Amino acid sequence: RQAVQLRNNGAISWSLAFASLAESLALFFAIHWLRVIRWRQFLVSFAPVSLKVVNRVGAVGFMAIFLLPFRLGEVVRPLLISRESDVPFGTAVATIAVERVVDGLMVSLLMFVVLMGVPGDQLAQFPKVQLGAVTALAIFSSAMVVLVATAVARDFTIGVLRKLVGLVSVGLAEKIIGIATAFVDGIRVLKSATAVLQFLGITVVYWGITGLNIWVIGDGFGVDMPVIAAMTMMCCIVVGMMIPNTPGNVGTFWAFMLLPAGLYGIAVDAPATIGFALGVWFLTMSNQALYGVWGLWVRARSARAA
């Protein structure tokens, strides 16, 4: 099959099949739209917002999340959508919070499921993988409890916040209450069974395609691994991105991605494996950047036209 090849003294170190590259780009396209559609589903519960606007803002926001350090990009989406629609900033932040918690909890549970298929003595050789799974599940489970409790006890949450901040400044308290109220109201979308089921359905498909995409890229690089290995790698990437990240997730992304490689007999230091890990990172980064630059260009063009 036709492929991009890297040679070292005439020998092929690794190659990437064109067919796999094309399949991966198609999957990245599907992943982008699933993220956009899922977010819009939340937003329209509070204010009319077109798919066109959500797509443009989402493209810029997703790029910022990946490229900016310390998760600073998380604020871009709620900031932009609050400027380009009637969705309050606090409500937009709440939708992001729900996304992050549900994503983290789902991926953590998936990681536990896939690790159940690994023999105990073999898994014991990879304590970092076990620790990451336990830590992620504990963090996201606790966060889910907080979100649900906040959605159920809105008045209590606002009341406690008003009393605590009011001890410092009444004016400041009212400003924070305005943001907090929108935030809590945003979380209350969890009370809608239909919205929850739709959100979870899209989320399952989204993460399933993301894991499949890693497998497709691995196959393109000639890395022989089962789909479940790609799913485990995807879970480790998500856990790794929980910590303060470097610009563009340089280093962090592929380091966490290859943590469970040995569980499936994949040689971490093999040229094909290294090319595969860097390839997944580069394709992810370049796709995010491509969509993001497009979103910025469209936004700038609209601003000039206005």
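Worth saying up front: this structure is predicted, and the values here are computed from it rather than measured.
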side-chain hydrogen bond (donor to acceptor under 3.5 Å, both in side chains) partners for Gln198, two or more places apart = none

Could you pull out all residues at least two apart from Ser24 that satisfy side-chain hydrogen bond (donor to acceptor under 3.5 Å, both in side chains)?
-> Asn213

Measuring from [X]:[atom1] to [Y]:[atom2], what's the distance to the nearest 0.5 Å?
X: Glu23; Y: Asp219; atom1: CD; atom2: CG; result: 8.0 Å
X: Phe253; Y: Thr284; atom1: CZ; atom2: OG1; result: 4.0 Å
X: Asn287; Y: Phe66; atom1: CG; atom2: CZ; result: 10.0 Å
X: Leu115; Y: Leu263; atom1: CG; atom2: CG; result: 7.0 Å
X: Ser50; Y: Arg56; atom1: OG; atom2: CZ; result: 7.0 Å
X: Arg83; Y: Ile81; atom1: CZ; atom2: CD1; result: 12.0 Å

Ring pair (Phe, Tyr, Trp, His ring centres under 6.0 Å) partners of [X], counting only residues at least two apart:
X: Tyr291; result: His32
X: Phe199; result: Phe42
X: Trp254; result: Trp281

Determine yes or no for a side-chain-to-main-chain donor-acceptor pair under 3.5 angstrom, with [X] supplying the side chain and [Y] the backbone.
X: Ser85; Y: Ser82; answer: no
X: Thr95; Y: Ala92; answer: yes
X: Trp215; Y: Met225; answer: yes
X: Thr91; Y: Val87; answer: no

How close do [X] and [Y] get, counting heavy atoms only, and between which atoms?
X: Ala261; Y: Val268; answer: CB-CG2, 3.9 Å
X: Ala230; Y: Gly211; answer: CB-O, 3.4 Å
X: Ile65; Y: Arg100; answer: CD1-NH2, 3.5 Å
X: Ala272; Y: Val223; answer: O-CG2, 3.8 Å
X: Ile214; Y: Phe276; answer: O-CE1, 3.4 Å
X: Tyr206; Y: Ile31; answer: CE1-CG2, 3.3 Å

Flag side-chain contact, heavy atom, 4.5 Å: [X] against [Y]:
X: Leu21; Y: Leu283; answer: yes
X: Leu34; Y: Trp207; answer: no
X: Ile96; Y: Arg77; answer: yes
X: Leu200; Y: Met106; answer: yes
X: Leu105; Y: Ser141; answer: yes
X: Trp39; Y: Ile202; answer: no
X: Arg299; Y: Val57; answer: no
X: Val113; Y: Met231; answer: no

Glu84 and Val49: side chain to side chain contact (heavy atoms under 4.5 Å, CB included), yes or no, with the steps?
-> CA-CA 9 Å; Glu84 300 192 29; Val49 54; over 6 Å; no

Enumerate the residue pairs fulfilling salt bridge (charged side-chain N to carboxylate O under 4.0 Å, His left out) with a member in residues 25-39, sequence neighbours excluded, ordered by first and then second residue.
-> Arg38-Asp103

Taking it one step at a time, do Leu67 and Gln288 satisfy side chain to side chain contact (heavy atoms under 4.5 Å, CB included)?
-> CA-CA 9 Å; Leu67 296 182; Gln288 301 282 27; 6.0 Å; no

Review item, side-chain donor-acceptor pairs of residues 232-239, under 3.5 Å, at least two apart:
from	atom 1	to	atom 2	distance (Å)
Thr232	OG1	Ile228	O	2.9
Thr232	OG1	Tyr264	OH	2.8

Hydrophobic cluster identity match, Leu290 and Leu27, side-chain contacts under 4.5 Å = no

What do the steps show when you test Phe89 against Val75 for side chain to side chain contact (heavy atoms under 4.5 Å, CB included), and what is the final call?
-> CA-CA 10 Å; Phe89 176 77; Val75 75; 4.0 Å; yes

Sequence neighbours excluded, which residues qualify as side chain to side chain contact (heavy atoms under 4.5 Å, CB included) partners of Ala267?
-> Asp269, Ala270

With sequence neighbours excluded, tell me which residues meet salt bridge (Lys or Arg N to Asp or Glu O under 4.0 Å) with [X].
X: Arg40; answer: none
X: Arg71; answer: Glu74
X: Asp86; answer: none

Apart from Trp297 itself, members of its ILVMFWY cluster (side-chain separation under 4.5 Å) are Trp294, Val298

